[in-house]
Asks: 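One structure is given below, represented as structure tokens, and several questions about it will come after.
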Amino acid sequence: MSQQAPEQAPHQPPEQAAEQTSGQATGQTPVQITQSQASRLRTPLMGMVITMAVLCGILAVMWFANPEPNTPYTRDEDVQEAAVGANSITEYSPISPEVPEGWTANYARWDTRAEHSVDVWEVGYTTNEVNFVGFAQTDEATAGWVNSETNLANPTGTRTISGLEFETREASGRQYFVLEAENNHIDGTTVVISSDAEPEELQAGLQAIIDSIGAELPEPTEEDAEWTEITDEP
């Protein structure tokens, strides 16, 4: 009897053979989807992408329609108004200088230094070059208060401005000009001026402050009277 040769399995591409081997190994039949099924699966994803794009467009329109202001808030107190209010409770005329245009007042207040038992009128400015020029004025000055206002800076000499002799002090990049009561022939108050400004701005600030020592202030308005009543409350 003649023997028949064993039948050979039909030739398969390597990828298909690998898939079959993998399916046999796991005991699972590979999942195949049609082109129409794949298209239906892609449809919800495309819808999500389109929705997100529309939302981003709406947000962009709202953002550009309401831009954030690019000008930062700058504090600027009304020094004369505050000085008029303080004038009714002081024995002297509070300094209210005519500073250069563009300077802004960070504070203008009547304050009490409880540790020295000294009532003080004080104002601080930011200059055009973003430097500081300020002063404190009182008719109750003590050596301790002056040292506190000058941060214990060491004296460096004296300087005469508009006929007034100031003691100069300096520390940590800040200059101080101390007008003692006995050297103030205008109103007898003690004035401490402090600054970290450059010479040109410093000179402008010094002159404006000195020119305002003892200057008369306008009569208070109703608003100034209300400010005084609040200040007088214990």
Side-chain angles (χ1 to χ4, degrees), residues 71-142 144-151 161-162 164 166 174-181 184-197 201-234:
T71 303
Y73 169 74
T74 301
R75 186 182 183 91
D76 191 10
E77 299 290 343
D78 189 329
V79 176
Q80 186 179 75
E81 180 181 338
V84 169
N87 189 39
S88 59
I89 56 177
T90 63
E91 298 296 328
Y92 57 89
S93 180
I95 296 173
S96 178
E98 292 287 338
V99 297
E101 184 178 356
W103 288 27
T104 56
N106 305 327
Y107 58 86
R109 61 198 175 207
W110 174 255
D111 197 17
T112 298
R113 302 290 196 271
E115 66 275 23
H116 301 292
S117 299
V118 175
D119 293 325
V120 181
W121 165 245
E122 59 182 359
V123 179
Y125 295 95
T126 296
T127 69
N128 290 326
E129 298 299 324
V130 197
N131 294 312
F132 174 80
V133 175
F135 66 87
Q137 180 185 27
T138 184
D139 59 357
E140 304 171 341
T142 64
W145 174 78
V146 172
N147 287 332
S148 177
E149 290 296 320
T150 59
N151 290 317
I161 308 173
S162 298
L164 299 174
F166 290 80
R174 180 161 292 195
Q175 299 181 69
Y176 301 92
F177 300 82
V178 181
L179 175 63
E180 299 284 1
N184 183 354
H185 55 76
I186 299 175
D187 65 2
T189 61
T190 298
V191 181
V192 177
I193 303 172
S194 60
S195 177
D196 58 7
E201 287 189 323
L202 173 60
Q203 181 58 39
L206 287 171
Q207 199 61 60
I209 293 168
I210 293 170
D211 289 346
S212 298
I213 296 176
E216 292 187 7
L217 292 168
E219 292 296 320
T221 63
E222 292 183 3
E223 292 182 359
D224 297 326
E226 292 176 1
W227 183 91
T228 302
E229 291 176 2
I230 295 174
T231 307
D232 287 340
E233 290 180 358

Asks: Can you tell me how far OG of Ser162 sits from CD1 of Ile186, rounded to the nearest 0.5 angstrom?
Replies: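 Result: 8.0 Å between the selected atoms.
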Asks: On a heavy-atom basis, which atom in Ala83 and which in Pro94 lie closest, and how many Å separate them?
Replies: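 Heavy atoms only, the tightest pair is O-CG, 3.7 Å.
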Asks: Within the structure provided, determine whether Asn87 and Thr90 are in side-chain contact (heavy-atom separation under 4.5 Å).
Replies: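 The answer is yes, as the side chains (C-beta and beyond) meet within the 4.5 Å cut-off.
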Asks: Using every non-hydrogen atom in the two residues, find where Glu129 and Glu201 come nearest and quote the distance to one decimal.
Replies: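 The pair with the smallest heavy-atom distance is N-OE2, 3.2 Å.
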Asks: Could you give the distance from CG (Leu202) to CG (Asp196), rounded to the nearest 0.5 Å?
Replies: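 Taking CG in Leu202 and CG in Asp196, the distance rounds to 9.5 Å.
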Asks: Evaluate whether atom CD of Glu98 has more than 12 neighbouring non-hydrogen atoms of other residues, nucleotides or ligands under 6.0 angstrom away.
Replies: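 Incorrect, the count does not exceed 12.
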Asks: Measure from the side-chain N and O atoms of Ser148 to the backbone N and O of Gly144, and report whether any donor-acceptor pair falls under 3.5 Å.
Replies: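 The answer is no, because no donor-acceptor pair under 3.5 Å joins these two groups.
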Asks: When you look at Thr112 and Val118, which way does the side chain to side chain contact (heavy atoms under 4.5 Å, CB included) test go after all the steps?
Replies: CA-CA 6 Å; Thr112 298; Val118 175; over 6 Å; no
Asks: Thinking salt bridges, do Glu149 and Arg113 make one under a 4.0 Å N-O criterion?
Replies: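 Yes, this pair counts.
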Asks: Any donor and acceptor pair, going by atom type alone, linking the side chain of Asp111 with main-chain N or O of Val120 inside 3.5 Å?
Replies: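 Pair absent, no side-chain N/O of Asp111 close to backbone of Val120.
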Asks: Would a distance-only check, ignoring hydrogens and angles, find a side-chain to backbone donor-acceptor pair under 3.5 Å from Thr142 to Trp145?
Replies: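 Yes, the answer is positive, given that a donor and an acceptor are paired below the 3.5 Å cut-off.
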Asks: Any chance you could lay out the side-chain hydrogen bond (donor to acceptor under 3.5 Å, both in side chains) test for Asn184 and Glu180, step after step, and finish with the verdict?
Replies: CA-CA 6 Å; Asn184 183 354; Glu180 299 284 1; over 6 Å; no
Asks: Taking the side chain from Asn128 and the backbone from Glu101, do they hold a donor-acceptor pair closer than 3.5 Å?
Replies: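 Side chain of Asn128 to backbone of Glu101, a donor-acceptor pair under 3.5 Å: yes, one is there.
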Asks: Are Asn131 and Thr126 close enough, and set up right, to give a side chain to side chain contact (heavy atoms under 4.5 Å, CB included), and what steps lead you there?
Replies: CA-CA 5 Å; Asn131 294 312; Thr126 296; over 6 Å; no
Asks: For a quick test of reading the model, state the closest non-hydrogen atom pair linking Pro97 to Ala208 and the distance between them.
Replies: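 Looking at all heavy atoms of both residues, the shortest contact is CB-O, 3.4 Å.
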Asks: Supply the atom-to-atom distance Thr150 OG1 to Arg174 CZ, rounded to the nearest 0.5 angstrom.
Replies: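 That separation rounds to 11.5 Å.
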Asks: Taking all heavy atoms of Phe132 and all of Ser194, pick out the closest pair and write down the distance.
Replies: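 Answer, listing the atom of Phe132 first, then Ser194: CE2-OG, 3.5 Å.
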Asks: I need the minimum non-hydrogen distance between Ala105 and Val79, along with the two atoms involved.
Replies: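 Here Ala105 and Val79 meet closest at CB-CG2, 3.5 Å.
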Asks: Let me have the donor-acceptor pairs involving side chains of residues 133-141, under 3.5 Å, with sequence neighbours excluded, atom names and distances please.
Replies:
{"unit_1": "Gln137", "atom_1": "OE1", "unit_2": "Ile95", "atom_2": "N", "d": "3.0"}
{"unit_1": "Gln137", "atom_1": "NE2", "unit_2": "Asp187", "atom_2": "OD2", "d": "3.4"}
{"unit_1": "Gln137", "atom_1": "NE2", "unit_2": "Thr189", "atom_2": "OG1", "d": "3.2"}
{"unit_1": "Thr138", "atom_1": "OG1", "unit_2": "Asp119", "atom_2": "O", "d": "2.7"}
{"unit_1": "Thr138", "atom_1": "OG1", "unit_2": "Glu140", "atom_2": "N", "d": "3.0"}
{"unit_1": "Glu140", "atom_1": "OE1", "unit_2": "Asp119", "atom_2": "N", "d": "2.9"}

Asks: Say you draw a straight line from CD of Gln80 to OG of Ser96; how long is it, rounded to the nearest 0.5 Å?
Replies: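 If we round to the nearest 0.5 Å, Gln80:CD and Ser96:OG are 5.0 Å apart.
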Asks: Start with the C-alpha gap between Phe166 and Tyr176, add the side-chain angles, then the distance that decides, and say whether side chain to side chain contact (heavy atoms under 4.5 Å, CB included) holds.
Replies: CA-CA 9 Å; Phe166 290 80; Tyr176 301 92; over 6 Å; no
Asks: Would the number of heavy atoms belonging to other residues, nucleotides or ligands and lying under 6.0 Å from CD of Glu91 be above 12?
Replies: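 No.
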Asks: Between Trp110 and Ile89, is a side chain to side chain contact (heavy atoms under 4.5 Å, CB included) present by the stated rule, with each step listed?
Replies: CA-CA 10 Å; Trp110 174 255; Ile89 56 177; 3.6 Å; yes
Asks: To the nearest 0.5 Å, what is the distance between CG on Leu164 and CG on Leu179?
Replies: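 That separation rounds to 5.5 Å.
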